[in-house]
2 protein chains.
Amino acid sequence: MKLSILKNELNEAIQNVSRAISSRTTIPILTGIKVDVTFQGVTLTASDTDISIQSFIPIEDDRQTIVQVERPGSVVLPAKFFVEIIKKLPSQHIEIEMQDQFQTLLRAGSAEIQMVGLDPEEYPVLPSIEEEQVFSVNGDLLKTMIKQTVFAISTNETTPILTGVLWNLQDGELKFVATDRHRLASRAAHIEVDTELRFHNIVISGKTMNELSKIIPDQNTMVDIVVADNQVLFKIDHVLFYSRILDGTYPDTSRIIPNQYKTELVLDTKKLTEAIDRAYLLSREEKTNIVRLQTKEDGTIEISSSSTELGRVTEQLEVKQFNGEALRIAFNSKYMLDVLKVIECEHIFLGFTGAMSPIIFKSTENVNSLHLILPYRTTT
Amino acid sequence: MKLSILKNELNEAIQNVSRAISSRTTIPILTGIKVDVTFQGVTLTASDTDISIQSFIPIEDDRQTIVQVERPGSVVLPAKFFVEIIKKLPSQHIEIEMQDQFQTLLRAGSAEIQMVGLDPEEYPVLPSIEEEQVFSVNGDLLKTMIKQTVFAISTNETTPILTGVLWNLQDGELKFVATDRHRLASRAAHIEVDTELRFHNIVISGKTMNELSKIIPDQNTMVDIVVADNQVLFKIDHVLFYSRILDGTYPDTSRIIPNQYKTELVLDTKKLTEAIDRAYLLSREEKTNIVRLQTKEDGTIEISSSSTELGRVTEQLEVKQFNGEALRIAFNSKYMLDVLKVIECEHIFLGFTGAMSPIIFKSTENVNSLHLILPYRTTT
C-alpha cells in the first residue's frame with residue numbers, strides 16, 4: 001500500500017468515521033480505523049459493532065486530484081492517534097506507505113510518523129444489506145425530526161427499547177416517537193416515497209441518532225435510507241452509516257395521548273420559555289424542578305416556583321387564547337424547557353385534561369409535532 | 001432598603017464579585033453576596049476568606065442614572081441564585097426592596113422574585129489596609145506577566161508556598177516567579193514607581209492570580225496595587241480585589257539558573273511549537289510525555305517521540321542559530337508546550353548546559369522573561 005493524499009479530504013473522512021469509535025471497546029481491532037486503498041480511491045471504516053461508518057475518498061473531484069495510488073492495499077491504524085495527528089500535519093500533501101508487519105509510514109513536510117498498524121483481515125466484515133426498502137429524506141428535515149424527538153428517550157438501560165427512537169412509515173408519512181415514560185415526543189412528516197413502502201417497530205438507539213445528525217451536512221443534502229431486517233443504512237454523499245435496529249417491541253403510546261382538552265391555551269413561545277427558565281433556576285435547587293402553572297381570573301396565567309432556602313419566583317403571563325376550565329397544575333420544568341427549546345414556532349398550543357393528566361404541546365404552525373409531559377401529583 | 005437599578009450594571013458587578021464565591025465553603029454567610037445601599041451607590045461584596053472582591057455601582061455615570069435609592073440598607077443574598085436570575089430578568093429596570101426578616105423582593109417586568117436574605121451584621125469585615133506601599137501597573141502588562149508565569153505553579157498542596165507566584169519589587173523592576181520544582185517561569189518588567197519602594201517574598205496564590213487576570217478589563221486600564229503585611233489589594237476601576245499573602249518563605253531559585261550554556265539554539269517559535277505538539281500527541285499515550293531533541297551533523301535538529309503501542313514521530317527542524325556542542329536531551333513535552341504557548345516571540349532562544357541540566361528558554365525580543373524546564377534522565 002502506497003499513496004499520496006490531500007490532508008483536508010483525509011481529515012474530513014477521518015472525522016466522520018471516528019464517530020463510530022468507542023473509547024470503551026474491549027475488541028482491540030475496533031480501536032483502529034480500517035484503511036482500504038484501491039485505484040478507485042480510499043475507503044475508511046470504523047465501528048463499535050452498534051454503529052459502523054464508512055467514508056469513501058474518490059481519486060478526484062470536480063476541482064482536483066485528491067488521491068494518487070501507487071500500490072493498493074489495506075491496514076488498520078490506531079484511531080485516536082490517527083485522528084489527532086492528521087489534523088496537525090504541516091503540509092497539504094501526505095504520503096502514506098505500508099511497510100513490513102503493517103507498520104505504516106506517513107510523511108508530510110518535515111514530519112515523519114511511523115504507526116503500528118494491525119492486520120486488516122482481522123477487521124469485522126460490515127453487514128451486507130438487501131436494498132429492498134429504500135427511500136430518501138431531506139437532510140435538514142431529518143435533523144429537525146431527530147432534534148424534536150431524541151431528547152425524550154430514556155437513559156435507563158433496564159428498558160433498552162426506550163433508549164431508542166421509534167420509526168414508522170405508512171402512507172407516505174414518516175413518524176418518529178420517543179418516550180421515557182414521563183414524557184413523549186413525536187414528529188411526523190410526509191415524504192416523497194412509494195406509498196406501498198411501509199415499516200413499523202424500527203427502533204434506533206438515541207446515541208446513534210445523535211451521531212447521524214452530526215454527520216448530515218447543513219446543505220440541502222438528501223439522505224438515502226435502506227431498512228433491512230436488523231440494520232438500517234444511511235447514505236450521505238460519500239458516507240455510509242450503518243446502525244443496528246434495537247431488539248424488542250416498542251410500547252403502544254397512542255392510548256395515552258388525549259383527543260380533547262378541558263383547558264386550552266395559546267401562548268407566546270419565547271415569553272413562556274423565559275418565564276419557565278426563571279422558575280426552573282429556583283426549582284432546580286430543590287432537585288425536583290417543580291414549577292406550577294395556574295390560570296387567573298383576569299385571563300392571564302401565573303408561573304411560579306419556590307424553595308424554602310432561597311425564596312420564590314412568581315410571574316404573570318398574557319395568554320393569546322384561552323378556552324375551557326380554570327386550571328392549576330405542577331410539572332417538571334426541565335421537561336417543559338426541553339420541549340420549548342425544540343418546538344420552533346412563535347406561538348405554542350398547550351392542552352390540558354386536568355391536574356393529573358398529561359400536558360400536550362403542539363406547534364401552532366406545524367401540526368406534525370406533538371409533545372407530552374406528565375404532571376406532578378402535588379397536594380398543594 | 002429600597003432602590004431601582006439598571007440590569008446590565010448590576011449584572012456586571014455581580015459577575016465580578018461572584019469570582020470570590022467558593023462552592024465548597026462551609027461558612028453559610030459566605031454563600032451569599034452582601035449588598036450595601038447608600039445614597040452614593042450600591043456596593044457588592046463576596047469572599048471565600050482567601051479572596052474578597054468588592055464592586056461599587058455609582059448612582060450615575062457620564063451617560064445615565066444607574067441607581068435610584070429610596071431607602072438605604074444592607075442584606076446578604078444567596079449568591080448562586082442571585083448571579084443566575086439577574087442575567088435572565090425580562091427588563092432593564094429592576095426594583096429591589098428588603099422586607100421583614102431580610103426577605104428581599106426583586107421586581108422586573110412581569111417577574112417577581114422573593115429571595116431569602118441573611119443578616120448583613122453576620123458578614124465578615126474586610127481587612128483594612130494601610131495604603132503605604134502603593135504603585136500602579138498597566139492592566140495589559142499585568143495580565144501578560146500573570147499568563148507567562150502562573151502555569152508553572154505547583155498544584156501539590158504539601159508545599160503550599162509553591163502554589164503561589166512570588167512577587168518582588170526592587171529598583172523599579174517588578175518580577176514574578178513560579179516553580180513546581182520541575183520547571184520555573186519568571187517575568188520582570190520596569191514600572192513607573194518611586195525607586196525607594198521595594199518588597200520581596202510576597203507570594204500570591206495562583207488561583208487568585210487567575211481570577212485577578214479575568215477581572216482586569218481589556219482596555220488599557222491601570223491597576224493600583226497596595227501591598228500590606230498579609231494582604232494585597234488591587235484596585236481596578238470600581239472593583240477592589242483583596243488577596244491574602246501566602247505564609248512561608250519562597251525558596252531561592254536564583255542558583256538553579258545557569259549563566260552560560262554549552263549549546264545555544266535559536267528556532268522559529270511557531271515551527272518548534274507545532275513539531276513538539278505532534279511529538280506530544282504520541283508521548284502523551286505513554287503517560288510520560290517524553291520527547292527527545294538532538295542536534296544533527298547537517299546543522300538541523302531532530303524532534304522525536306515513540307510509543308511501543310502506537311509508533312514513532314520524527315521531525316527535522318531548521319535552526320536559525322546554533323552555537324556550541326552537539327546535544328541529545330529528553331524532556332516533558334507538555335512543559336515545553338506550556339512555555340511555547342505564552343512566550344510571544346517569533347524566534348526563541350534555547351540554552352543547554354548538558355543532558356542532565358536545565359533547559360532555558362528566552363524570548364529573542366524581550367529579555368525580561370526566562371523559562372526553565374528540567375530534562376528527563378533517560379538511558380537511551
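Reminder, nothing fancy here: chain letters follow the sequence lines and each chain counts from 1.
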So for atom [atom1], which belongs to [X], do other residues, nucleotides or ligands contribute more than 12 heavy atoms lying within a distance under 6.0 Å?
X: A/E286; atom1: CD; value: yes
X: A/E346; atom1: CD; value: no
X: B/Q92; atom1: CD; value: yes
X: A/E344; atom1: CD; value: yes

Presence of salt bridge, A/E97 and A/R71, under 4.0 angstrom: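 A salt bridge links A/R71 with A/E97.
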
Note: A/K270-A/E274 ion pair, threshold 4.0 Å (strictly below):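 Answer for the salt bridge query: yes.
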
Residues of residues 113-123 of chain B within contact distance of chain A, non-hydrogen under 4.5 Å: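 At a heavy-atom separation under 4.5 Å, chain A is reached by B/I113, B/Q114, B/M115, B/V116.
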
Tabulate, in ascending numerical order, the residues of residues 277-285 of chain B having at least one heavy atom closer than 4.5 Å to a heavy atom of chain A, or enter 'none'.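 Answer by number: B/D277, B/R278, B/L281, B/L282, B/R284, B/E285.
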
Would you tell me whether B/N16 and B/E12 have side-chain atoms, one donor and one acceptor, within less than 3.5 Å of each other?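 Note: B/N16 and B/E12 side chains miss the donor-acceptor criterion.
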
Is it true that the side chains of A/Q316 and B/S110 contain a donor and an acceptor less than 3.5 Å apart?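 No, because no side-chain N or O of A/Q316 sits under 3.5 Å from a partner of the opposite role on B/S110.
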
Measure the CZ-OG1 distance between B/R107 and A/T314 for me, rounded to the nearest 0.5 Å.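 One gets 10.5 Å once the value is rounded to the nearest 0.5 Å.
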
Stepwise side-chain contact (heavy atoms from CB on, under 4.5 Å) test for B/L293 and B/L317: CA-CA 10 Å; B/L293 180 156; B/L317 267 189; over 6 Å; no

Proximity breakdown for [X] and chain A, heavy-atom pairs closer than 4.5 Å:
X: B/S304; answer: neither
X: B/L105; answer: neither
X: B/K271; answer: neither

With distance as the sole test, does A/S333 use its side chain to make a donor-acceptor pair with the main-chain N or O of A/N289 at under 3.5 Å?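 Side chain of A/S333 to backbone of A/N289: a pair is present.
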
